[in-house]
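Okay, so here's the structure we're looking at.
As the structure is a prediction and not an experimental result, all values here were calculated from the model. All values below come from the heavy atoms of this structure, side chains included, with hydrogens, waters and symmetry mates left out.
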Amino acid sequence: MRARYSNLALTAFSAASIGFAFQASADTIINASGIDPTYSVFIVAVDGGFYEEEGLDAEYRLFESGSAAAEVVVTGNAHITSGSELSGIGFRDRGAPLVIIASAMRSDRQMGAIAREGIEAPEDLVGQTVGVSFGNASQFYWSLYASHYGLSEEEITVTNIGPPEMVPALATGQIDAYFVWEPWLENGLRTVENANRLHRSGDDDVYTLDMAYLIHEDLLEDTETLHAMMRALDNATNFINEEREQAAEMVSQAMNIELEDTLNIMEGLNFEVRLEQSFLEGQEDAAAWMLDAGLIDESPELIGGYIRPEVMQELFPDRVDF
């Protein structure tokens, strides 16, 4: 069964007309970051001095979505970003030289569902309108959720809506529930009277968000710079895991999110730099889902194509198991 999707706009995957030549200078490493704490490593690597320790000048630039950040890397105007399983596959399908070099973060709490009063179980969504951000992890999670709980998507109206608009749409009754990531889950609970958390994505093992580091393929040719970048990001990852409150202060200030909210969100994030079989399987599942949903024409070649394990094999061979 397929949902009645309205207002479909997969602009994040319209990469066919983009010029792909790599342009960013290695003099300053540009980190393309979304505006939520899943991108904390980039903030900490710059503001915590970890790039500097590797002899690199670096800065981060904030974008309203992970897709927008990935597009900047695709066009060669940034060196690196991170994204969910879906972030790079659509670009790759359209010929963009975007590749994965390592995992960045896993979480079964970063995503979830918020609903209006009276919707307290999956079956209560039948006949209602659900807000989903199409073409990314929001839509992916919603599809897995509907399948897991046996919902007939033909009986549910699914509308495409950006995360910042989900909270006001719920408050005004335009939608009855939405599926998204933090900080818009907590914002909804705080803002919409009598709203409730329907689920976290990891409840009943429905979905675990698995973010990866994405770079422009041409950067693979600059081994010295790329290795220094990954050492800096790995050291920043260790700092986040060992000094969570200090890291949260940097992220809070950079992203203009209240410190308490930043800490609460980061508690549910597991930052790690690895390449494991479970990560590969997640990419395979995402590609299969995108193919079935008509978001890509064919599944990309993964190992040696979209996923390039050689960086991790050279730097951290004990963290690669495929």
Inset, instruction - Applying ring pair (Phe, Tyr, Trp, His ring centres under 6.0 Å) between Phe179 and each of Trp184, Tyr141, Tyr207, Phe134, report the one that passes. - result: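 Per the ring pair (Phe, Tyr, Trp, His ring centres under 6.0 Å) rule, the option paired with Phe179 is Tyr141, out of Trp184, Tyr141, Tyr207, Phe134.
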For the side chain of [X] and the backbone of [Y], is there at least one donor-acceptor N/O pair under 3.5 Å apart?
| X | Y | answer |
| --- | --- | --- |
| Ser252 | Ile257 | yes |
| Asn196 | Arg116 | yes |
| Asp36 | Thr38 | yes |
| Asp93 | Asp297 | yes |
| His79 | Ile30 | yes |
| Arg319 | Met312 | no |
| Glu85 | Asp210 | yes |
| Asn77 | Val72 | no |
| Asp234 | Met230 | no |

Legend entry - No-hydrogen, no-angle side-chain donor-acceptor test under 3.5 Å, Thr172 and Gln174: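 Yes, side-chain donor-acceptor contact under 3.5 Å.
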Inset, instruction - Please determine, by modelled atom types, if Trp289 and Ser143 share a side-chain donor-acceptor pair under 3.5 angstrom. - result: yes
Inset, instruction - Applying side-chain contact (heavy atoms from CB on, under 4.5 Å), run through Leu220 and Ile215 and close with a yes or a no. - result: CA-CA 8 Å; Leu220 290 168; Ile215 65 167; 4.0 Å; yes
Inset, instruction - State yes or no: do Ile303 and Leu98 share one hydrophobic cluster built from I, L, V, M, F, W and Y residues joined by side-chain heavy-atom distances below 4.5 Å, directly or via other members? - result: yes
Inset, instruction - State yes or no: do Trp181 and Phe63 share one hydrophobic cluster built from I, L, V, M, F, W and Y residues joined by side-chain heavy-atom distances below 4.5 Å, directly or via other members? - result: no
Inset, instruction - Supply the atom-to-atom distance Ile161 CD1 to Thr129 OG1, rounded to the nearest 0.5 angstrom. - result: 10.5 Å
Legend entry - Separation of Glu54 CD from Leu56 CG (nearest 0.5 Å):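 These two atoms lie 7.0 Å from each other.
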Inset, instruction - Let me see the working for Ser87 and Met211 under side-chain contact (heavy atoms from CB on, under 4.5 Å), right down to the final yes or no. - result: CA-CA 9 Å; Ser87 292; Met211 295 184 67; over 6 Å; no
Legend entry - From CA spacing to verdict: side-chain contact (heavy atoms from CB on, under 4.5 Å), His199, Tyr149: CA-CA 12 Å; His199 275 113; Tyr149 292 109; 3.4 Å; yes
Are there more than 12 heavy atoms of other residues, nucleotides or ligands under 6.0 Å from atom [atom1] of [X]?
| X | atom1 | value |
| --- | --- | --- |
| Arg109 | CZ | no |
| Gln277 | CD | yes |
| Glu64 | CD | no |

Legend entry - Sole candidate of Asp57, Asn31, Asn235 that passes side chain to side chain donor-acceptor pair (under 3.5 Å) when paired with Tyr51: Asn31
Is the closest basic N to carboxylate O distance between [X] and [Y] below 4.0 Å?
| X | Y | value |
| --- | --- | --- |
| Arg200 | Glu182 | yes |
| Glu298 | Arg92 | no |
| Glu276 | Arg274 | yes |

Legend entry - Heavy-atom closest pair, residues Ser84 and Leu209: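 Smallest interatomic distance, heavy atoms only, reads CB-CD1, 3.6 Å.
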Inset, instruction - Considering non-hydrogen atoms only, spot the tightest contact between Met266 and Ile240 and give its length. - result: CE-CG2, 3.9 Å
Legend entry - Pair Met250-Phe239, side-chain contact (heavy atoms from CB on, under 4.5 Å): steps then yes or no: CA-CA 12 Å; Met250 298 180 198; Phe239 181 84; 3.9 Å; yes
Legend entry - Within residues 257-270 or reaching into it, pairs that qualify as side-chain hydrogen bond (donor to acceptor under 3.5 Å, both in side chains) - sequence neighbours excluded: Arg190-Asp261
Legend entry - Leu189 side chain reached by Ile114 side chain, heavy atoms, under 4.5 Å: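 Sidechains of Leu189 and Ile114: in contact.
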